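Read the structure below first, then the notes.
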Amino acid sequence: MKFISTIIGFVLFVLFFGFALKNTQEVDLHFFLHYDLHGPLVLMLLGFFVAGAFLGVLALTPTVFRHRRETNKHKTTITTLQSSALQTNAQPQPDSINTQ
């Protein structure tokens, strides 16, 4: 299985490298306030891909921290329940006898 994933990774690298070699022409990006950016198309695409991936990870950060907080709360609840169950099982109470 590792061999297959290595082959797939190599094929993807060759495809992306070929894509980069075919898209080396200069492009101009015009931003607000007369700010222009000049560079190869493939670098522009790579830069915007990295920026999008970073923003996606940044958007998921609160959700990840909330799930971590809930998991820790559940772990402490399980620990307290297990410790209380061990304490109640350690010494059983005798049955009460009613003599009326």
Side-chain angles (χ1 to χ4, degrees):
M1 189 69 183
K2 187 176 179 181
F3 179 72
I4 293 172
S5 63
T6 304
I7 294 295
I8 291 172
F10 182 73
V11 168
L12 285 175
F13 175 76
V14 168
L15 286 174
F16 289 138
F17 190 71
F19 176 78
L21 289 177
K22 291 296 238 177
N23 292 294
T24 57
Q25 64 268 22
E26 289 283 321
V27 293
D28 297 329
L29 289 177
H30 304 284
F31 294 101
F32 297 108
L33 302 173
H34 302 289
Y35 180 72
D36 295 334
L37 187 63
H38 309 284
L41 175 63
V42 71
L43 290 182
M44 298 292 178
L45 289 173
L46 180 65
F48 280 100
F49 174 76
V50 169
F54 176 74
L55 289 175
V57 168
L58 192 65
L60 283 176
T61 301
T63 305
V64 169
F65 282 124
R66 185 179 63 236
H67 284 298
R68 256 190 215 173
R69 214 174 25 249
E70 289 175 1
T71 301
N72 287 335
K73 188 183 348 175
H74 292 313
K75 282 181 181 179
T76 54
T77 305
I78 289 171
T79 304
T80 56
L81 288 175
Q82 285 177 342
S83 65
S84 67
L86 288 175
Q87 289 174 357
T88 58
N89 289 340
Q91 297 176 353
Q93 298 294 323
D95 293 335
S96 64
I97 299 174
N98 194 358
T99 57
Q100 289 181 4

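We're numbering straight along the sequence, starting at 1. The figures here come from the full heavy-atom set of this structure, side chains too, leaving out hydrogens, waters and symmetry mates. Given the structure is predicted, the values throughout are model-derived calculations rather than measurements.
- For residues 35-55, the pairs satisfying ring-ring contact (aromatic ring centres under 6.0 Å, His included) are F31-Y35, with sequence neighbours left out.
- How far CZ of F19 is from CG of L46: 10.5 Å, rounded to the nearest 0.5 Å.
- Across P40 and T24, no two heavy atoms sit closer than the pair CB-O, 4.1 Å.
- Residues passing the side chain to side chain donor-acceptor pair (under 3.5 Å) test with H30 are D36, sequence neighbours excluded.
- Judged as a side chain to side chain donor-acceptor pair (under 3.5 Å), and not counting sequence neighbours, N72 has no contacts.
- The side-chain contact (heavy atoms from CB on, under 4.5 Å) check on I8 picks up I4, L12, with sequence neighbours excluded.
- Here the closest heavy-atom approach between residue T61 and residue V57 is recorded as OG1-O, 2.9 Å.
- Residues P62 and A59 come closest through the heavy atom pair CD-O, 3.5 Å.
- Between atom CZ of residue F16 and atom CG of residue L21 there is a gap of 13.5 Å, rounded to the nearest 0.5 Å.
- Every residue meeting the side-chain contact (heavy atoms from CB on, under 4.5 Å) condition with R66, not counting sequence neighbours, appears here in chain and number order: T63, R69, E70.
- H74 is not listed as a side-chain neighbour of T76, based on a closest heavy-atom distance of 4.5 Å or more.
- Scanning for side chain to side chain donor-acceptor pair (under 3.5 Å) contacts around H67 gives an empty result, with sequence neighbours left out.
- How far CG of L37 is from CG of L29: 5.5 Å, rounded to the nearest 0.5 Å.
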